[in-house]
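Only heavy atoms go into these numbers, but all of them, side chains included; no hydrogens, no water, no symmetry mates.
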Amino acid sequence: MSRSVDIGLVRNIGIMAHIDAGKTTTTERILYYTGVLHRMGEVHEGTAFTDYMEQEKERGITITSAAVTCTWQGHMINIIDTPGHVDFTAEVQRSLRVLDGAIGLFCAVAGVEPQSETVWHQANQYHVPRIAFVNKMDRVGANFLRVLEMMRTRLGATPVAVQLPIGAEDTFVGVVDLIDRRAIVFDRDNGERFEVRDVPADMVDSVNEARQALVEAIVEHDDALLERYLSGDDIEATELRAALRRATLHLKVTPVFCGSAFKNKGVQQLLDGVLAYLPSPNDVGYTHGYNVKDHDVEETRKPTDGEAFSALAFKIITDPFVGRLTFVRIYSGTIKAGEQLYNVTNDKKERAGKILRMSANKREELDAAYAGDIVAIPAMRFTRTGDTLCDPKQPLLLESIRFSEPVINQAVEAKTLADQDKLTESLHRLSEEDPTFRFHTDAESGQIIISGVGELHLEILVDRLKREFNVPVKVGKPQVAYRETITSVARAEGKFVRSNAGKNQFGQVTIEVRPNDSGKGLEFSNELAPGTLPELYVKSVEKGALEALKVGPLSGYPMIDIVAVLVDAAYNEEDATETAYAVASSIAAKDASRQASPVIMEPVFAVEVVTPEDYVGEVIADLSSRGGMVQGISQRDILQVVTALVPLSQLFGYVTQLRSLTQGRGSYTMHFHGYEPASHRR
């Protein structure tokens with residue numbers, strides 16, 4: 001079976017922006033105009049096609065990235081409608097990893113909002129070409145030119161307007177195509193219908209000025225056109241479009257469109273822009289991977305159907321009808337239903353029993369899938385997000401997807417004992433779906449600790465446990481895992497003498513405890529002169545000392561970073577027993593640790609806060625108020641990076657506070673640094 005659409009006519013795109021900028025509404029309109037939908041759904045009514053989870057319908061937000069496929073003017077477009085809330089940026093990350101291009105959506109009133117910055121910088125990391133759509137031009141306060149300026153200053157982007165709006169707010173009636181110098185005027189009641197007219201007389205000067213700026217921005221990246229432009233030659237519209245496409249694909253410029261998705265205005269022209277300026281898999285070119293046996297050796301695959309098969313698993317969901325679904329982006333080759341695949345990452349064989357083309361939560365079964373396709377394969381047992389799938393005979397390892405580390409924790413427990421095993425199984429399934437979700441059982445408290453990237457993230461996951469897995473849970477806060485250590489050297493003697501049933505037991509030792517290097521844990525050393533105590537009893541002394549130091553003298557927390565040294569011992573060959581020396585050693589170690597100036601230690605995390613420069617002062621002041629020590633400030637693109645060491649006990653709820661301090665524009669990551677003395681019990 002041959003492919004239905006040439007790979008040059010395929011577009012794999014994502015729609016990304018801040019929450020409530022209109023991504024899902026725009027996707028609904030695209031699906032309507034391309035014939036996938038016969039009736040447009042609305043986010044605020046809970047009827048949006050791509051928002052199919054109950055939590056999405058209730059909250060009016062997108063939580064998971066939904067994949068849909070449609071056709072426009074003979075092209076096949078795979079669209080991923082990504083979430084806008086900062087707690088679900090992992091969905092954006094994994095989508096950008098497998099997409100060829102993206103539409104950056106901006107509200108004409110709010111402009112560049114915090115999450116817009118986050119996803120824009122993520123797209124920069126993955127070198128994804130973009131076009132922009134300034135939405136909600138019909139809203140009060142809409143200002144197209146101000147959004148362009150915000151894109152320059154906040155994103156460090158080079159926006160190039162290819163359209164100018166005709167009017168704004170309630171007078172927004174159409175757009176002017178600057179390349180063709182034509183006006184597109186929409187029907188007032190329904191933007192589905194429009195007329196192509198001459199440029200309005202009162203806009204001729206502004207259109208000429210904007211078109212000149214557009215042409216200059218285009219020819220700046222094409223030496224041949226620049227020479228002709230400087231010579232005064234008139235450059236054809238087709239040449240301008242071709243040059244603008246090349247500049248867009250090389251991330252030099254971002255073509256900007258405008259409209260109102262809710263009023264159906266400008267969406268058809270945006271679709272034309274997707275075809276004109278965003279790349280096909282052919283434009284992206286060779287896929288780079290690594291040799292399976294030697295990861296230092298790079299290998300490439302052409303995006304053609306005849307190449308060896310290679311694909312990346314980028315998303316896993318649990319479908320109520322099909323079960324476990326793995327979304328894959330095919331970079332090269334062909335896969336037929338029923339064929340065997342090789343998971344290079346896990347060194348496991350999988351079978352593509354069925355191949356599905358997904359339209360949100362609707363499924364179409366395919367006989368085969370080809371290079372450039374995005375499809376779902378059910379019932380893959382071993383594959384996880386970021387795994388490489390390929391031809392077993394010609395393996396290749398693709399670069400995986402890196403995700404943010406979880407930064408917020410909560411304790412959960414099943415409401416009934418009968419649900420305990422079911423809870424663990426459900427958490428396993430959720431962690432397979434969501435790479436930013438982790439869980440573990442705390443060895444000390446016995447609590448199950450779940451970790452995510454934000455409070456809403458964990459709230460949604462707990463809600464899913466109840467609704468999808470039928471496991472209601474009680475939610476609390478985890479306890480901080482404190483430790484104890486000593487700050488000085490001390491020694492003590494321990495003696496154990498006992499007679500039991502006519503059998504005497506004797507053990508006597510002197511133990512000295514000394515502070516150890518950070519991270520070394522508990523260690524034992526024997527400084528007795530050779531022959532003072534048989535090796536059998538030295539082992540008993542070591543066991544007793546280390547066992548005693550597991551419980552600290554202050555609050556009973558485990559002790560860390562101590563060396564217990566055997567410095568003296570008395571030996572009675574007739575009465576010596578292993579038990580006696582273990583008990584004597586335990587007594588000595590406990591007494592010595594009490595005398596060695598013990599302190600409580602708390603876990604300290606290295607925190608990296610990324611924020612616009614305007615909020616650096618507030619961020620540093622807040623970190624200091626939490627007992628944090630600022631290590632330094634550096635620059636990343638147009639953002640500032642503050643690094644600090646902060647006690648974990650002071651980081652609960654920090655994600656919410658940081659968003660408040662930075663108007664939602666700051667983000668942070670943290671990782672365990674070590675234990676430091678607690679200035680006071682928090």
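Remark: Leu341 CG to Cys390 SG distance equals 8.5 Å, nearest 0.5 Å. In this structure, CZ in Arg464 is found 9.5 Å from CZ in Arg429, a value given to the nearest 0.5 Å.
The closest side-chain heavy-atom distance from Arg438 to Ser431 is not below 4.5 Å. Side-chain contact check for Tyr126 versus Leu99: every heavy-atom pair is 4.5 Å or farther apart. Contact check for Pro534 versus Glu573: no side-chain heavy atoms found under the 4.5 Å cut-off. Proximity of Val619 to Gln640: side-chain heavy atoms (C-beta onward) are nowhere separated by under 4.5 Å. The closest side-chain heavy-atom distance from Thr326 to Val328 is below 4.5 Å. Side-chain contact between Pro515 and Thr485 is absent, with no heavy-atom pair separated by less than 4.5 Å. Using a 4.5 Å heavy-atom threshold, the side chains of Tyr342 and Leu389 count as separate. Counting only heavy atoms from C-beta outward, the side chains of Tyr571 and Phe506 never approach each other to under 4.5 Å.
Judged as a side-chain contact (heavy atoms from CB on, under 4.5 Å), and not counting sequence neighbours, Asp614 has no contacts. For Val641, the side-chain contact (heavy atoms from CB on, under 4.5 Å) test picks out Glu608, Val610, Ser634, Arg636, Thr643, with sequence neighbours left out. Residues passing the side-chain hydrogen bond (donor to acceptor under 3.5 Å, both in side chains) test with His288, sequence neighbours excluded: Glu298. Legend: residues meeting side-chain hydrogen bond (donor to acceptor under 3.5 Å, both in side chains) with Thr388, ordered by chain and number and at least two apart, are absent. Not counting sequence neighbours, the partners of Phe439 by the ring pair (Phe, Tyr, Trp, His ring centres under 6.0 Å) test are His428. For Thr383, the side-chain hydrogen bond (donor to acceptor under 3.5 Å, both in side chains) criterion is met by Asn343, Glu350, not counting sequence neighbours. Leu645 meets the side-chain contact (heavy atoms from CB on, under 4.5 Å) test with Val604, Ala606, Gln631, His673; sequence neighbours excluded. For Lys539, the side-chain contact (heavy atoms from CB on, under 4.5 Å) partners at least two apart in sequence or on another chain are Glu535, Glu542. Lys503 meets the side-chain hydrogen bond (donor to acceptor under 3.5 Å, both in side chains) test with no other residue; sequence neighbours excluded.
What you find for Ile449 and Ala411 is that their closest heavy atoms are CD1-CB, 4.0 Å. Annotation for Ala548 and Ala589: closest pair CB-CB, 4.2 Å, computed over non-hydrogen atoms. The two atoms that bring Arg626 and Pro647 nearest to each other are O-CD, 3.6 Å, heavy atoms only. The two atoms that bring Ser310 and Arg301 nearest to each other are CB-NH1, 3.8 Å, heavy atoms only. Taking all atoms of both residues into account, the shortest heavy-atom contact from Gly544 to Ser585 is C-OG, 3.8 Å. The minimum heavy-atom distance linking Tyr537 with Glu578 is given by the pair CE2-N, 3.6 Å.
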### Task
Could you give me the CA-CA distance, side-chain angles and deciding distance for Lys415 and Asp419, then say whether salt bridge (charged side-chain N to carboxylate O under 4.0 Å, His left out) is met?
CA-CA 7 Å; Lys415 287 189 174 180; Asp419 283 338; over 6 Å; no
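A side-chain hydrogen bond (donor to acceptor under 3.5 Å, both in side chains) check over residues 507-520, counting only residues at least two apart or in different chains, returns the pairs Arg491-Glu512, Glu493-Gln508, Glu512-Arg514, Arg514-Glu527, Asn516-Glu523. Applying the salt bridge (charged side-chain N to carboxylate O under 4.0 Å, His left out) test to residues at least two apart or on different chains, the pairs with a partner in residues 550-569 are Glu547-Lys550. Screening residues 581-595 for salt bridge (charged side-chain N to carboxylate O under 4.0 Å, His left out) gives Asp591-Arg594 as the qualifying pairs, with residues at least two apart or on separate chains.
For Arg384 and Phe382, the positive end is not near the middle of the six-membered ring at less than 6.0 Å and at most 45° from its axis.
Side-chain N or O atoms of Ser426 include one that pairs as donor or acceptor with a backbone N or O of Lys422 at under 3.5 Å.
Taking a 6.0 Å sphere around CG of Leu417, one finds it holds 12 or fewer heavy atoms contributed by other residues, nucleotides or ligands. No more than 12 heavy-atom neighbours from other residues, nucleotides or ligands sit within 6.0 angstrom of CD on Glu613. Atom NZ of Lys543 is surrounded by 12 or fewer heavy atoms from other residues, nucleotides or ligands within 6.0 Å.
Here the rule is side-chain hydrogen bond (donor to acceptor under 3.5 Å, both in side chains) with Gln505, and of Asp575, Thr577, Asn572 only Thr577 fits it.
Using cut-offs of 30° and 60° for the angle between ring planes, the Tyr668 and Tyr654 rings count as perpendicular. Ring geometry for Tyr557 against Tyr482 counts as tilted: the plane angle lies between 30° and 60°, on a 0 to 90° scale.
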